[in-house]
Amino acid sequence: MSLTIVTGGTRGIGAAIAARLAAEGHDLVLGYRSDEESARATAESIHARGVRCVTVRADLTTDAGIEELFARAAEVGPVTGVVNNAGATYRFAPLHETPTEEIRRTIDINLTGPILVARAAVAVLDRGGVIVNITSGAATIGSPGEYVHYAAAKAGLDAATRGLGLEVADRGIRVVAIAPGLIATDLHATTGDPERVARMAPQIPLGRAGQPEEIANAVAWLMSDQAAYVTATTLRVAGGR
Ligand code: NDP
């Protein structure tokens, strides 16, 4: 039996990951911050696939939120995998125009939170398992003029993937990351630029934005035994960018 936690699993890339893992027979615990409607709709579609699905409203920038997520998962059963997917960009702006508070909360949700989630995951994966961190192609592009601090946070999560993967390899825990490129989700509109995906798609070597399901396919592979020899590394799924 697989029981997988997907943070931010109720919308966008996370919801596609949830659907794909459900199709592979994973029971799921899906975290989210506040969008009840998406949580309800995603849980309903996951249930229709015949697996268990619990949604947990918890802010992963808080210790209490992370504790709540893992406590609710423990009620479902032993956790076998964690997808550290929740993330946010908040606004597009050069760094010198970005308020301190926004830089801090960006790093909280994209780096500190995922590291604390990964630490909690190691504690519960006492029979081994897989941690997948969703980072970003921004980590190597640097995202000048858009969100340098977000890119830096994602680069930090790539580094944590490498270090933690080596640290826990002898416990039978694999730690891997996926760095998506431009993916068609609501993130771009909610950050303030609804046209961003259409505008940037022609710059991608493969000539289009990626779909959430294309990230989900990579997650499903990395979580499967077919990727049993893959750890402490980041897989870029970015159309060549
Ligand atoms: P979305 O904005 O569509 O979804 C984000 C999810 O994360 C939502 O479920 C949201 O909850 C949850 N979330 C946000 N903040 C918190 C918080 N403080 N506590 C708990 N949950 C939170 O994003 P995407 O699906 O586009 O992105 C998913 C991941 O992929 C992110 O890590 C992002 O950085 C990364 N990524 C995305 C790319 C893209 O082009 N879309 C490119 C590269 C990386 P709620 O629904 O309640 O708001």
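Atoms within each ligand, like the ligands themselves, are counted from 1 in listed order. For reference, positions follow the sequence shown, starting with 1.
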**OP:** Please report the C-alpha distance between Thr191 and Thr89 in whole Å, then the side-chain angles of each, then the deciding distance to 0.1 Å, and finally whether the side chain to side chain donor-acceptor pair (under 3.5 Å) criterion is met.
**Re:** CA-CA 6 Å; Thr191 306; Thr89 40; 2.6 Å; yes
**OP:** If you link ILVMFWY side chains whenever their heavy atoms are less than 4.5 Å apart, which other residues fall into the same cluster as Leu187? By chain and number, please.
**Re:** none
Subject >> Residue shell around ligand 1, heavy atom under 4.0 angstrom >> reply: Gly8, Thr10, Arg11, Gly12, Ile13, Tyr32, Arg33, Ser34, Asp35, Ala58, Asp59, Leu60, Thr61, Asn85, Ala86, Gly87, Ile109, Ile134, Thr135, Ser136, Tyr150, Lys154, Pro180, Gly181, Leu182, Ile183, Thr185, Leu187, His188
Any carboxylate oxygen within less than 4.0 angstrom of a Lys/Arg side-chain nitrogen, looking at [X] and [Y]?
X      : Y      : value
Arg91  : Glu146 : no
Asp193 : Arg199 : yes
Glu68  : Arg72  : yes

**OP:** For Arg162, look at atom CZ and say whether over 12 heavy atoms of other residues, nucleotides or ligands are found less than 6.0 Å away.
**Re:** no
